[in-house]
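A short write-up of the structure that comes next.
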Protein chains: 2
Amino acid sequence: MESKPLLDYIGRYIHLTSDEEALLLENISYRRYLKGQYITQQGDICKQESFVLSGCLRTFYVDNEGQEHIVMFAVENWWTADLGSFITQTPADYNVQCLENTEVIQFSYNDIEELYIKIPKLERFFRIIIQNAYVASEKRIIQSFSMTAKERYLKFREQYPQIEQRVPQYMIASYLGITKEFLSKIRSQLIFENE
Amino acid sequence: MESKPLLDYIGRYIHLTSDEEALLLENISYRRYLKGQYITQQGDICKQESFVLSGCLRTFYVDNEGQEHIVMFAVENWWTADLGSFITQTPADYNVQCLENTEVIQFSYNDIEELYIKIPKLERFFRIIIQNAYVASEKRIIQSFSMTAKERYLKFREQYPQIEQRVPQYMIASYLGITKEFLSKIRSQLIFENE
DNA sequence: GAATAATGTTAATCTAGTTTAACTTCCTTT
DNA sequence: AAAGGAAGTTAAACTAGATTAACATTATTC
């Protein structure tokens, strides 16, 4: 298993001894998924949090009218899960699907609670990670209310250039909360403006 | 200081010994604010996280056009802060203002880092709190994209009946991401439908 | 390399929600 | 109890973004 990216990532926030690192590695698992496969489906119980080693995923929600809404993307060194389902072990609201062949390291629900006991420092690590995710999420709410679709698109491009390249445009539209047709219009406006 | 509500609240997630409780109480402070006062203003560095004992607050953001956008409310037993500013100690994006005379218990930035060292279990406590807040925040994003303003208003009323009573309507409109005029229209539609 | 599916574009029509502005009702304060 | 401000309402005109539908381009697959 290629665990170095994960250990490096954790090392940015807390220091683990080599014993602790070994213990951690015993309690997590490596897995590959093919493009199109689901890690979690709406209605299932989300059994693991995944740290992305390679590949790309989307977390999305299908509403009552059958429309898809993308909640987040995840690429290398990001975490993904239906966290609500994971922490409460109740049926997931979201689907987590691989958009490319993807390699992840997974923390399962049981393992993680044990790990928190064995390595209490991990509480700190996950507290910080989630704190950051929460702050980003609040920012996204504000942006969705105070910015136009065009402004949000420009911000997205600036903030996640890696993702814009790897993901079909209609999924970006979904993430931004607009239709693919309207994003297409915005893009042609932008091209026109830059001439 | 009336610390029982806080200790009860913490007790729902972790168990503190009485020594730890005493230690905790030494490192936090009680404060009263009058209606209208600000705990944090946009541009300031947010120096504390506040646990609400009594009263009501709003966290809001003023955009470039001078428009206010309410990010969250807080009432008894809720936490409030500009968490992004607090954790990075950089200038706040948000204002935190009291809508009533308000009593809070505050954790200051320096104190909380010390407390994490003295009582590592608090890492767990705050991890869980923030996890929950993050899940709620993601839900709100999905709702803002997949539901109409009317549906969001009904959901809000159902979810936070306490808040609807205590807060002026134009602030609820702001929280929902719509104008006060449109909320007024929605409300008159609802009255008409229920006749 | 033809065929099919997936993705992206354009344009017309439509609608949820905004803007503006005038008006009403309710709260405070004196 | 009068006056002034804050909060809420109504309605007309407007706009950002949705919907529909037809077409264009790019990938995939056999």
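First the proteins, then the strands, lettered A, B, ... as listed; each starts at 1.
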Whole angstroms only, please: what is the [atom1]-[atom2] distance between [X] and [N]?
{"X": "Glu65(B)", "N": "dT20(C)", "atom1": "CD", "atom2": "P", "result": "12 Å"}
{"X": "Tyr170(A)", "N": "dA27(D)", "atom1": "OH", "atom2": "C1'", "result": "13 Å"}
{"X": "Lys35(A)", "N": "dA6(C)", "atom1": "NZ", "atom2": "C1'", "result": "10 Å"}
{"X": "Ile172(A)", "N": "dT7(C)", "atom1": "CD1", "atom2": "C1'", "result": "12 Å"}

Do [X] and [Y] pair up side chain to side chain, a donor and an acceptor below 3.5 Å, judged on atom types alone?
{"X": "Ser54(A)", "Y": "Glu76(A)", "result": "no"}
{"X": "Tyr61(A)", "Y": "Gln42(A)", "result": "no"}
{"X": "Gln48(B)", "Y": "Arg31(B)", "result": "no"}

key: Axis-to-axis angle between the two ends of the helix from dG1(C)-dC30(D) to dT30(C)-dA1(D) (five base pairs per end, rounded to 10 degrees)   = 50°
All N/O contacts under 3.5 Å from nucleotides 9-19 of chain D to the protein, with atom names and distances to one decimal?
| from | atom 1 | to | atom 2 | distance (Å) |
| --- | --- | --- | --- | --- |
| dT9(D) | OP2 | Gln169(B) | NE2 | 2.6 |
| dT9(D) | OP2 | Ser184(B) | OG | 2.9 |
| dT9(D) | O5' | Ser184(B) | OG | 3.2 |
| dG17(D) | OP1 | Ala149(A) | N | 3.2 |
| dA18(D) | OP2 | Thr179(A) | N | 3.2 |
| dA18(D) | OP2 | Thr179(A) | OG1 | 3.2 |

key: Joint hydrophobic cluster, Phe73(B) plus Phe145(A), side-chain heavy atoms closer than 4.5 Å   = no
inquiry  = Tell me whether Lys35(B) at atom NZ has more than 12 heavy atoms from other residues, nucleotides or ligands lying less than 6.0 Å away.
reply    = no
inquiry  = Can you confirm whether more than 12 heavy atoms, excluding those of Lys150(A), are under 6.0 Å from its NZ atom?
reply    = yes
remark   = Nearest heavy-atom approach of Arg58(B) to Glu68(B) is NH1-OE1, 2.8 Å
query = Under 3.5 Å, side chain of Glu123(A) to main-chain N/O of Pro120(A), donor-acceptor pair present?
reply = no
